[in-house]
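Inspection log for the structure reproduced underneath, given as structure tokens.
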Amino acid sequence: MELSKYQEKILRYFNDNPRSNMMISALAGSGKSTMACLLSEHTTTSDIYVAFNNSIAEEFRTKIKNPKTKVMTLHSLGLSIMNSNIRAAKDEKKITYANATLDNLKIYKIIDNELTILDRRMDFMKKMFYKDQYFTLYNLCRLTMTNLADSTALRQIIQDYRLFENDEGYQFPDITDCISMLKNVDGESWNIFNQTGVIDFTDMLYITYWKLERKEWEVPYYNLYTNIMFDEAQDASSIQLNLLKYIKRKGGRYIFILDKNQAIYSFAGSNSLSYSLIPKMFAPIKEFDLPICYRCPSSHLKQVNRLFNIPILPRDDAPKGKIYHIEKEDILSKIHEGDMI
């Protein structure tokens with residue numbers, strides 16, 4: 001393929017500055033996947049491409065041809081670090097279990113027990129409501145690295161995610177009750193892990209990060225990388241960004257690939273302002289743009305630019321395309337099987 005001037009600039013800097021962090025702002029259809037694969041082809045070191053989820057990881061295992069570039073999600077990486085340290089502790093006879101055991105109902109069970117202690121007569125639907133809300137709150141606190149005793153931060157999360165709102169007349173808990181619940185849940189969750197190795201999905205990041213931060217664990221050599229390519233970085237959570245600092249080899253670097261216009265996972269604990277935090281957390285960092293969309297006709301991109309002020313550009317040979325105005329009530333009669341919306 002013939003590289004654009006933007007791609008050439010990124011590749012040249014990547015090759016000439018092997019220790020410099022990079023942030024690539026890639027707009028929709030601009031070849032983020034192609035760029036990641038291209039960078040991987042120009043290294044001979046032990047590297048990692050951090051995929052956003054398992055389906056993307058599976059896709060990139062076929063796209064990235066460099067055998068020295070590992071493709072993983074950050075959760076699977078966290079689990080790998082966790083199990084390595086568990087095995088070491090088992091060998092030293094400090095614990096009896098050999099691996100972490102996944103139970104995604106772990107936190108629900110703990111909250112259920114806490115609610116039973118509070119009110120044994122609580123009816124089933126009411127308990128389900130509170131269990132759901134407290135689970136969401138605790139999970140968000142772990143992902144956003146919120147201090148469980150910080151009443152102001154907790155109020156903000158509850159407000160932002162509209163937690164405990166209901167039409168059934170269930171009482172909105174006092175913030176001191178929330179803090180007490182969260183501390184109890186967190187303490188019991190850690191106890192269960194330390195005694196049995198049982199974790200839930202978020203623990204792969206949360207427990208691993210705090211064990212490393214407290215210097216109770218170490219990262220094994222096979223989980224240290226020279227080039228760390230982190231894709232869809234606009235949807236990274238605080239715990240993910242902080243875990244990254246432990247997996248870089250001495251003399252390595254970070255390459256963040258993102259599109260701030262596609263930050264859509266704040267509902268799942270990601271930080272929608274990650275694109276503005278990354279330059280501060282990983283400074284010094286060199287920023288690049290990939291503004292050429294290879295996917296759409298030029299008329300569509302002009303419309304996007306006009307409506308949303310996104311500086312997206314058509315490729316040189318892009319078709320002009322056509323734009324029609326369709327009334328809302330006519331949409332269903334206009335679309336057909338195979339159309340993409």
Side-chain angles (χ1 to χ4, degrees), residues 48-57 70-87 89 99-108 110-111 134-148 150 153 157 161 182 185-194 196-220 222-225 228-248 254 256 258 263-274 277-278 281-282:
I48 186 170
Y49 171 89
V50 181
F52 189 73
N53 56 38
N54 280 324
S55 61
I56 295 175
K70 191 180 292 185
V71 179
M72 299 178 77
T73 65
L74 210 52
H75 283 81
S76 58
L77 178 64
L79 181 61
S80 176
I81 296 170
M82 176 182 284
N83 279 329
S84 171
N85 284 274
I86 286 174
R87 287 191 293 271
N99 286 291
T101 303
L102 181 64
D103 178 6
N104 275 324
L105 294 177
K106 170 189 171 183
I107 303 303
Y108 279 107
I110 297 171
I111 296 172
Y134 276 123
F135 172 81
T136 301
L137 179 58
Y138 178 60
N139 206 44
L140 288 168
C141 286
R142 287 185 290 173
L143 293 169
T144 59
M145 300 181 70
T146 298
N147 184 341
L148 302 181
D150 187 336
I157 290 178
Y161 292 88
L182 292 174
V185 171
D186 192 60
E188 183 59 18
S189 177
W190 276 98
N191 286 337
I192 290 172
F193 171 74
N194 290 329
T196 67
V198 172
I199 60 170
D200 75 347
F201 190 63
T202 303
D203 281 337
M204 295 177 188
L205 303 175
Y206 180 68
I207 289 178
T208 299
Y209 169 77
W210 283 112
K211 285 283 192 179
L212 293 173
E213 180 71 8
R214 294 165 184 162
K215 303 189 186 312
E216 297 173 12
W217 284 358
E218 294 181 352
V219 178
Y222 51 81
N223 284 143
L224 292 171
Y225 306 96
I228 300 167
M229 288 183 281
F230 192 83
D231 200 3
E232 305 292 354
Q234 77 279 353
D235 281 319
S237 63
S238 294
I239 195 80
Q240 288 177 312
L241 290 177
N242 278 276
L243 183 58
L244 283 179
K245 68 184 182 183
Y246 286 104
I247 64 169
K248 182 173 72 70
Y254 301 95
F256 295 95
L258 57 86
I264 59 173
Y265 274 82
S266 61
F267 72 90
S270 68
N271 190 332
S272 60
L273 297 178
S274 286
L277 291 176
I278 288 170
M281 290 180 66
F282 297 91

Is the closest side-chain heavy-atom distance between [X] and [Y] below 4.5 Å?
X      : Y      : value
Asn223 : Lys70  : yes
Phe201 : Asn139 : no
Asp231 : Phe52  : no
Ile110 : Ile192 : yes
Ile278 : Leu258 : yes
Val185 : Leu148 : no
Trp190 : Tyr206 : yes
Val50  : Tyr225 : no

Subject >> From CA spacing to verdict: side-chain contact (heavy atoms from CB on, under 4.5 Å), Asn85, Thr208 >> reply: CA-CA 10 Å; Asn85 284 274; Thr208 299; over 6 Å; no

Original post:
Salt-bridged, Lys106 to Glu188, with N to O below 4.0 Å?
Top reply: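 Salt bridge absent between Lys106 and Glu188.
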
Original post:
Got a salt bridge between Asp203 and Arg142, using NZ or NE/NH1/NH2 to carboxylate O under 4.0 Å?
Top reply: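 Yes, Asp203 and Arg142 are salt-bridged.
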
Original post:
Do other residues, nucleotides or ligands put more than 12 heavy atoms under 6.0 Å from Glu218 CD?
Top reply: no

Original post:
Which residue, Asp200, Val198, Ile199, forms the side chain to side chain contact (heavy atoms under 4.5 Å, CB included) with Phe193?
Top reply: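 Output: one option passes, namely Ile199.
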
**OP:** In sequence, state the C-alpha distance, the side-chain angles, and the governing distance for Tyr254 and Met281, and then conclude on side-chain contact (heavy atoms from CB on, under 4.5 Å).
**Re:** CA-CA 11 Å; Tyr254 301 95; Met281 290 180 66; over 6 Å; no

Original post:
Can you list the steps and then say if Leu182 with Leu137 is a side-chain contact (heavy atoms from CB on, under 4.5 Å)?
Top reply: CA-CA 8 Å; Leu182 292 174; Leu137 179 58; 4.0 Å; yes

**OP:** Mind running side-chain hydrogen bond (donor to acceptor under 3.5 Å, both in side chains) on Asn53 and Ser55 for me, showing each step along the way?
**Re:** CA-CA 6 Å; Asn53 56 38; Ser55 61; 2.8 Å; yes

Original post:
After noting the C-alpha distance and the side-chain angles of Met82 and Ile207, does the key distance pass the side-chain contact (heavy atoms from CB on, under 4.5 Å) rule?
Top reply: CA-CA 8 Å; Met82 176 182 284; Ile207 289 178; 3.9 Å; yes

